[in-house]
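One structure is given here, and the rest of the page talks about it.
Order of the sequence lines sets the chain letters (A, B, ...), proteins ahead of strands, with each chain counted from 1.
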Number of protein chains: 2
Amino acid sequence: MPRAARKITDRQHELLEYLRSYQREYGVMPSTRDIQKHFGFASQTAAMSHLRALEKKGVIQRHSHKARAVVFPEDLGRAEIVDVPVYGSIAAGYGEMQEQQADGSIAVDVQTLGLRKGARVFALKVRGESMIGANICDGDLVIVEAREPRPRDIVAALIDGETTLKRYLVKEGRPYLQAENPAFPDLIPVTELQVQGVMQTLIRQAGRC
Amino acid sequence: MPRAARKITDRQHELLEYLRSYQREYGVMPSTRDIQKHFGFASQTAAMSHLRALEKKGVIQRHSHKARAVVFPEDLGRAEIVDVPVYGSIAAGYGEMQEQQADGSIAVDVQTLGLRKGARVFALKVRGESMIGANICDGDLVIVEAREPRPRDIVAALIDGETTLKRYLVKEGRPYLQAENPAFPDLIPVTELQVQGVMQTLIRQAGRC
DNA sequence: GGTGTTTCTGTTCGCCCGAACAGTCGACCC
DNA sequence: GGGTCGACTGTTCGGGCGAACAGAAACACC
């Protein structure tokens, strides 16, 4: 295999790793002179030829005559990525949620999440087995979009000062919430403002459930 | 509220949108002169002052005296993001998978996926109800890491030329696979090389299941 | 033994690009 | 009605930064 996709050298791998770590830390690519300093090169040309080599092997792309214009091809044309804050529990409306401390956040592209542009979104850690009938387990992460529910949506609702998942149903014009577990009481009438959002995506880490 | 977090102007929103679209397309930020040309400014200073305004409002960060050094704070310090190829079905071993066309890909940060560094990983669209007992439904997306299974892992296994999910169990030193649905036959002895990987994460889009 | 790749040194060139300075005009804000 | 913003024009300066050129020494391939 003389042309294309030859194997990457140890030294080139080092450089690649530096590019990645620099980008993660500063959000920008290093200039050839930054690379020079980091590796202790006496000449800036050394960095240049390494970049050229990596470009020839296809692991990076460069825009010529632009500053810091090194790009990883896999980052290009990727769907937009959103950070979703994760709450262990939510004991307030959406308005007050911003002040509440998130337990962390997850980053996923919008396409997988199936979100509309500009949707307000958060994630909730499921506690208990009340939705086991919908195959949602204790410990699952549920991504919720703050919007009006439609009948049969699974919603995050505020009940007794705590947020839980329930099925949103409408009977004879009156909305009510229902657990998907025969051991749980059925009909809970919806008073007002209790629905915080609609479940959009579910994420489960292996090992649980 | 005189200081900090004032509202973003329409014009500033336009600029922000341009920064994002430029970055998505080229993987690099535009220079002030790129901005100037795009908006038809007569002076490059117009772009500069817009960037300064956005920085003061905290929606971007800048590294002074560096070229194209505009950064979105939310992109900074984020866990590494990996692209996971999605296969509708896999009828081969891991080696041949690279040649097989992926049905798309999803981008998630490694932390949410719970992956080890350098792990070989792919995603599989679940077909059928054979794992409904483990609360895995038809249409779910399962992220699989190619590695040796441990007892009680859920694995992607090649059976009759098609990949399906099964529970990996060991009885009296002999490994076998089991569906998590009483309607399916239990014990399937493992011959060799059939396990393609271990389920690590599950992703479910709402509306299904 | 020539040809090619890798990993560098040393130097020069010249556009790229952020930054600073000096203004202009209009919209709000007490 | 002076003050502070936002949205610019017009110009100059100087370091940032990619790129080119001329090597060199090690190693592998065949």
(request) Evaluate side-chain contact (heavy atoms from CB on, under 4.5 Å) for Val126(A) paired with Met131(A), printing each intermediate quantity in order. (result) CA-CA 9 Å; Val126(A) 174; Met131(A) 291 302 280; 5.9 Å; no

(message) By the 4.0 Å heavy-atom rule, please label Ala42(B) as base, sugar-phosphate, or nothing.
(response) sugar-phosphate

(message) Determine whether a donor-acceptor pair (one donor, one acceptor, N or O, separation below 3.5 Å) exists between the side chain of Ser49(B) and the base of dG6(D).
(response) no

(request) For Arg68(A) and Lys66(B), indicate whether the former's side chain and the latter's backbone hold a donor-acceptor pair under 3.5 Å. (result) no

(message) With the threshold set at under 4.0 Å for non-hydrogen atoms, list the residues of residues 10-34 of chain A touching DNA chain C in residue-number order.
(response) Arg11(A), Gln12(A)

Listed pairs under 3.5 Å, donor-acceptor, residues 47-54 of chain B side chains, sequence neighbours left out:
residue  : atom : partner  : partner atom : Å
Ser49(B) : OG   : Thr45(B) : O            : 3.3
Ser49(B) : OG   : Ala46(B) : O            : 3.0
His50(B) : ND1  : Ala46(B) : O            : 3.2

(request) Would you indicate which nucleotide in dT9(C), dA22(C), dG6(D) comes nearest to any side-chain atom of Thr45(B)? (result) dA22(C)

(request) Over 60° means perpendicular and under 30° means parallel, so classify the ring planes of Tyr18(A) and Tyr22(A), tilted if in between. (result) perpendicular

(request) Give the C-alpha distance, both sets of side-chain angles, the deciding distance and a yes or no for salt bridge (charged side-chain N to carboxylate O under 4.0 Å, His left out) between Asp83(A) and Arg78(B). (result) CA-CA 9 Å; Asp83(A) 293 272; Arg78(B) 177 150 58 192; 2.3 Å; yes

(request) Could you check which of dC8(C), dA20(D), dA20(C) has an atom nearest any side-chain atom of His50(A)? (result) dC8(C)

(request) Step by step, work out the side-chain contact (heavy atoms from CB on, under 4.5 Å) result for Val28(B) and Val71(A). (result) CA-CA 7 Å; Val28(B) 194; Val71(A) 184; 3.7 Å; yes

(request) Could you check which of dC8(D), dA19(C), dA20(D) has an atom nearest any side-chain atom of Met48(B)? (result) dA19(C)

(message) Rounding to an integer number of Å, can you tell me how far Lys7(A) NZ sits from dT6(C) P?
(response) 13 Å

(request) Return the value, rounded to whole Å, for the distance between atom CZ of Arg52(B) and atom P of dG6(D). (result) 12 Å

(request) Could you check how far CG of Leu51(A) sits from P of dA20(D), rounded to whole Å? (result) 13 Å

(request) Write down the distance between CD (Glu55(A)) and P (dG18(D)), rounded to a whole number of angstrom. (result) 13 Å

(request) Give the nucleotide from the list dG6(D), dA19(C), dA19(D) with an atom nearest to the side chain of Lys57(B). (result) dG6(D)

(message) Side-chain N or O of Arg62(B) versus OP1/OP2 of dA19(C): is the shortest distance under 4.0 Å?
(response) yes

(request) Report which part of the nucleic acid Ser64(A) touches: base, sugar-phosphate, or nothing (heavy-atom distance under 4.0 Å, all strands). (result) sugar-phosphate

(request) Round to a whole Å and report the spacing from CZ of Phe41(B) to P of dT9(D). (result) 7 Å

(message) How many whole angstroms separate atom CD of Gln36(B) from atom C1' of dT9(D)?
(response) 10 Å

(request) From the options dT9(D), dA7(D), dG18(D), select the nucleotide whose nearest atom is closest to the side chain of Gln44(A). (result) dG18(D)

(request) Report yes if a donor N or O on one partner sits less than 3.5 Å from an acceptor N or O on the other, where the partners are the side chain of Thr9(B) and the base of dG6(D); otherwise report no. (result) no

(request) Take atom NE2 of His65(B) and atom C1' of dC13(D), then tell me their distance rounded to the nearest Å. (result) 12 Å

(request) Check the distance between dC17(C)'s P and His63(A)'s NE2 and give it to me in whole angstrom. (result) 12 Å

(request) Could you walk me through whether Arg147(A) and Asp153(A) pass salt bridge (charged side-chain N to carboxylate O under 4.0 Å, His left out), step by step? (result) CA-CA 11 Å; Arg147(A) 67 143 212 258; Asp153(A) 277 349; 3.0 Å; yes

(message) If you count heavy atoms of other groups shown closer than 6.0 angstrom to CD of Gln44(B), is the number above 12?
(response) yes

(request) Go through dC21(C), dC17(D), dA22(D) for me and flag the one nearest to the Ala67(B) side chain. (result) dC17(D)

